[in-house]
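Worth saying up front: this structure is predicted, and the values here are computed from it rather than measured. All values below come from the heavy atoms of this structure, side chains included, with hydrogens, waters and symmetry mates left out. Order of listing sets the numbers, starting from 1, for every ligand and every atom in it.
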Amino acid sequence: MAEGNRFTSGVVPPKTRIDPAWWFVFREDDLLVAPESSQTRVPYLLDVAELKLPILSKHYVGCLGGRDCYAVEVAKVTAAPEGMTFEGLRQVYGVIDEDLFWVAGRAAQIIHWDRTNQYCSRCGARTKIHSTERAKECPQCGLLHFPRLDPAIIVLVERGSEMLLARSRRFSTAMYSVLAGFVEPGETLEEAVVREVYEETGIGVKNIRYFMSQSWPFPHSLMLGFTATYASGEITMGDGENIDAGWFTTDNFPSLPGKMSIARKLIDWFLEKQRKANVSGPRSN
Ligand SMILES: [Zn+2]
């Protein structure tokens, strides 16, 4: 997030609104966007009611750079207002302003949580929104339903000047990325790193270090980034989610994930480290 555009999370909306707010309006998983000049944006209005849409729910999300942000869910059959369109979050990734994208990701997760927790999972009663916490409360048995987060590790494995990248079945293009996978119940993050790399490629790793984290709203993952170094083994493809894997250097580069992703931040970190080593290190030839 850019400096000056700090986001402050909030649950209770301001009592009065005298300035316009950002409205993150979702029709199922699609976000309402308004093309304005060349940059696609989300509606910035005093009230979403101005758009005359069939609203199912409305949630205060927080404040971005002094501006209030709301998540709104509209009915499935809603047509976009004139000059606007509903687009998948993945389609607006890299298109709308980066700060707005991450707030849209928060908004999408709040809408998804609200939609999938209409009834108590213990007693079946209809839940209601908690007045001060991001929770849905069962009026019958008192169970609280919080937004779900799925922790997943993502790891760059290095071996000297090479890094381990794989091509997922899910990628529509010939893109390669670092390895990632969900954390299992009872597992530490470090254990998840070791298991995931071994399951996907047959490679053993050591020196596991925390890198950074990133929310990934597809639909509610928290990506926990690590770096690790090669310890043992040869690449063997399992029948997991990848169809190819290999050791890559700056000389044999594949197509890479988008700039905003934590996967790319890990790869760029490695490339920068290599660049510095090549500048300052001894020449090998
Ligand atoms: Zn209940």
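- Between W216 and Y93, the ring center distance clears the sub-6.0 Å criterion.
- Of the charged side-chain nitrogens involved, at least one lies within less than 4.0 Å of a carboxylate oxygen, so that K136 and D114 count as a salt-bridged pair.
- With hydrogens and angles left out, the side-chain atoms of W102 and E98 include a donor and acceptor closer than 3.5 Å.
- Inside a sphere of radius 2.8 Å centred on the Zn ion (ligand 1), the protein N/O/S atoms present are C120 SG, C123 SG, C138 SG, C141 SG.
- Checking N207 against T229 by side-chain atom types alone, a donor-acceptor pair falls below 3.5 Å.
- The aromatic rings of W22 and Y44 lie tilted to each other, with the angle between the two planes from 30° to 60°.
- Between R90 and D29 there is no salt bridge, since no side-chain N of the basic residue sits under 4.0 Å from a carboxylate O of the acidic one.
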